[in-house]
There are 2 protein chains.
Amino acid sequence: MPHDHAKGDHSHASAGDDCPGCATPDLAFASHDHAHCAADVLARAEALAVASGARMTPVRRRVLEILLESHKAMGAYDVLQRLAADGFGNQPPVAYRALEFLVEQGFAHRIRRLNAFAACMHPGEVHAPAFLICKSCDMVAEAPAAAVRAALDAAAAEVGFVVERSNIEALGLCPACRVGA
Amino acid sequence: MPHDHAKGDHSHASAGDDCPGCATPDLAFASHDHAHCAADVLARAEALAVASGARMTPVRRRVLEILLESHKAMGAYDVLQRLAADGFGNQPPVAYRALEFLVEQGFAHRIRRLNAFAACMHPGEVHAPAFLICKSCDMVAEAPAAAVRAALDAAAAEVGFVVERSNIEALGLCPACRVGA
DNA sequence: TTATCTATGTTATATCATAACTGGTCAACC
DNA sequence: GGTTGACCAGTTATGATATAACATAGATAA
Ligand SMILES: [Zn+2]
Ligand SMILES: [Zn+2]
Ligand SMILES: [Zn+2]
Ligand SMILES: [Zn+2]
């Protein structure tokens, strides 16, 4: 069981955090202390927002918290429902705007295959993520995809195309589900 | 000007076609005889359908023809409008079903970033395409992405994830637009 | 303070996609 | 020939996702 330290085991809510388990790419699929995982990412995002001057307002923070509740992607309307229950506005733009902000800041990612959004597990780190979407448990992990992105850039360069943004998404079975079924 | 032979230059509507220019990956972005390009792909798709027993009905054929009119991706409703103008049904399922068929047969691809569909330029060939979407001219090219897919599989395997299907899409500038702007 | 900018909330609408049922065609089978 | 069953296209209706446009409130800054 990797990375199963309890909540109080060690506390690090700063941006300089470097607990080995926290950055493990397969953390999403592995059994782990997700409360810690989420709190850590949230704290890092907050710190980054402060540093960059981006305004982490209550709605925006709440949306990020909601996304961080699990390693699954959520549709905007699901997020909206949660927001409404918390007393925030209950019209689509409320959710879409907060999500847009988070994506712009690099605190969340849009998963186009699912028309959904997931919290970024590596805020602040340069990363061209590939998303691994388990079709069985719906969990989404960010795989380090520098090599993938490099291959894509190369394939594009081959025909003179310059890549600006990319979506790399894979649907399949995560380790846990592969064993189970 | 690569691949600019006129329509009558040489005729090859068979599946065994191997005109060098026809399979060039960057054909979409290069100046080329698109009538030939489209006719060739259509003929190859037809042949494959016959071979596999898939039924290329009038609506389905027409949808493929429509997609083949340019190297851009089209939304289902755009396709539908064209179908209706041709006397086919004008309700969404008509377009969506034909598009679904074409995607299943490998005669078209779904571009998730655009919520749109594009004709496959390499029907019958095994290919895990990466889509290069020019944000300036809206053209979409299929880049050979075996290496990209391999890198993705490797990144996934690293965490024990097995990839079944993938979307690899890049937004950027095509060679022509990069020069212009 | 007053101006200005930004964020949130609201109404309304646009855009994308599918469920469920109806009828038509065609070939296999008796 | 008539019946059956498979498949396709057409329709109605609705669901799901996303944004435009405007109104209000809060923060920032002169
Ligand atoms: Zn976690
Ligand atoms: Zn990320
Ligand atoms: Zn062409
Ligand atoms: Zn293709």
Side-chain angles (χ1 to χ4, degrees), chain A residues 45-46 49-50 52-67 72-105 107-118 133 138 167 169, chain B residues 46 49-50 52-67 72-105 107-118 133 138 140 167 169:
Chain A
E46 300 257 22
V50 169
S52 75
R55 294 163 60 175
M56 196 66 137
T57 62
V59 211
R60 293 166 174 179
R61 177 177 299 105
R62 187 72 193 108
V63 169
L64 182 52
E65 286 171 0
I66 290 168
L67 290 182
K72 298 182 184 175
M74 289 184 79
Y77 281 77
D78 297 324
V79 170
L80 180 58
Q81 210 172 313
R82 297 291 309 278
L83 284 179
D86 290 351
F88 293 98
N90 69 340
Q91 300 305 316
V94 174
Y96 279 101
R97 282 193 290 236
L99 289 165
E100 182 187 31
F101 168 85
L102 295 174
V103 169
E104 270 169 9
Q105 298 302 315
F107 299 161
H109 295 292
R110 186 167 193 160
I111 315 293
R112 305 212 89 110
R113 172 140 204 151
L114 303 175
N115 290 326
F117 301 81
I133 307 163
D138 292 326
N167 302 95
E169 303 173 1
Chain B
E46 300 257 22
V50 169
S52 75
R55 293 165 57 178
M56 195 66 136
T57 62
V59 210
R60 293 167 175 179
R61 177 176 299 106
R62 188 73 193 108
V63 170
L64 183 51
E65 287 171 0
I66 290 167
L67 290 182
K72 299 182 182 174
M74 289 184 79
Y77 280 76
D78 296 326
V79 171
L80 180 58
Q81 211 172 310
R82 298 290 310 276
L83 284 179
D86 290 351
F88 293 98
N90 69 340
Q91 299 305 316
V94 174
Y96 278 101
R97 281 193 292 235
L99 288 165
E100 182 187 30
F101 167 86
L102 294 173
V103 170
E104 271 169 7
Q105 298 301 316
F107 300 160
H109 295 292
R110 187 168 191 160
I111 314 295
R112 305 209 88 111
R113 175 138 202 151
L114 304 176
N115 290 326
F117 300 82
I133 305 163
D138 293 325
V140 176
N167 302 95
E169 303 173 359

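Lettering follows sequence order; numbering is per chain, from 1.
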A/Tyr96 side chain N/O closer than 4.0 Å to the phosphate oxygens (OP1, OP2) of D/dT19? no
Respond yes when some side-chain nitrogen or oxygen of B/Arg60 is under 4.0 Å from OP1 or OP2 of D/dA9, and no when none is. yes
Whole angstrom value for the distance that separates [atom2] of [N] from [atom1] of [X]:
| X | N | atom1 | atom2 | value |
| --- | --- | --- | --- | --- |
| A/Arg113 | D/dT17 | CZ | C1' | 17 Å |
| A/Gln91 | D/dA18 | CD | C1' | 13 Å |
| B/Met56 | D/dA9 | CE | P | 11 Å |
| A/Arg61 | C/dT8 | CZ | C1' | 15 Å |

Between A/Asn167 and A/Arg112, do the side chains contain an N or O donor and an N or O acceptor separated by less than 3.5 Å?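 Distance-only check fails for A/Asn167 and A/Arg112.
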Judged by each residue's nearest nucleotide on DNA chain C, which is more toward the 5′ side, A/Phe101 or A/Pro93?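 Looking at the nearest nucleotide for each, A/Phe101 comes out on the 5' side.
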Select from B/Ala116 and A/Pro58 the residue whose nearest nucleotide in DNA chain C is closer to the 5' end of that strand. A/Pro58
Over all strands shown, is A/Arg112 touching base, sugar-phosphate only, or nothing at heavy-atom distances under 4.0 angstrom? nothing
Under 4.0 Å, counting only non-hydrogen atoms across every strand here, what does B/Val59 touch: a base, just sugar-phosphate, or nothing?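 Sugar-phosphate, no base atom in range.
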Verify, without hydrogens or angle tests, whether A/Arg110 (side chain) and A/Phe117 (backbone) share a donor-acceptor contact under 3.5 angstrom. no
Taking the side chain from A/Arg60 and the backbone from A/Arg55, do they hold a donor-acceptor pair closer than 3.5 Å?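 Looks like yes, one N/O pair under 3.5 Å.
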Check ion pair A/Arg97-A/Glu100 (N to O, under 4.0 angstrom): no
Selection from D/dA9, C/dG9, D/dA18 that lies nearest to any side-chain heavy atom of A/Phe117: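 The nucleotide sitting nearest to the side chain is D/dA18.
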So which one's nearest nucleotide on DNA chain D is more toward 5', B/Tyr77 or A/Arg55? B/Tyr77
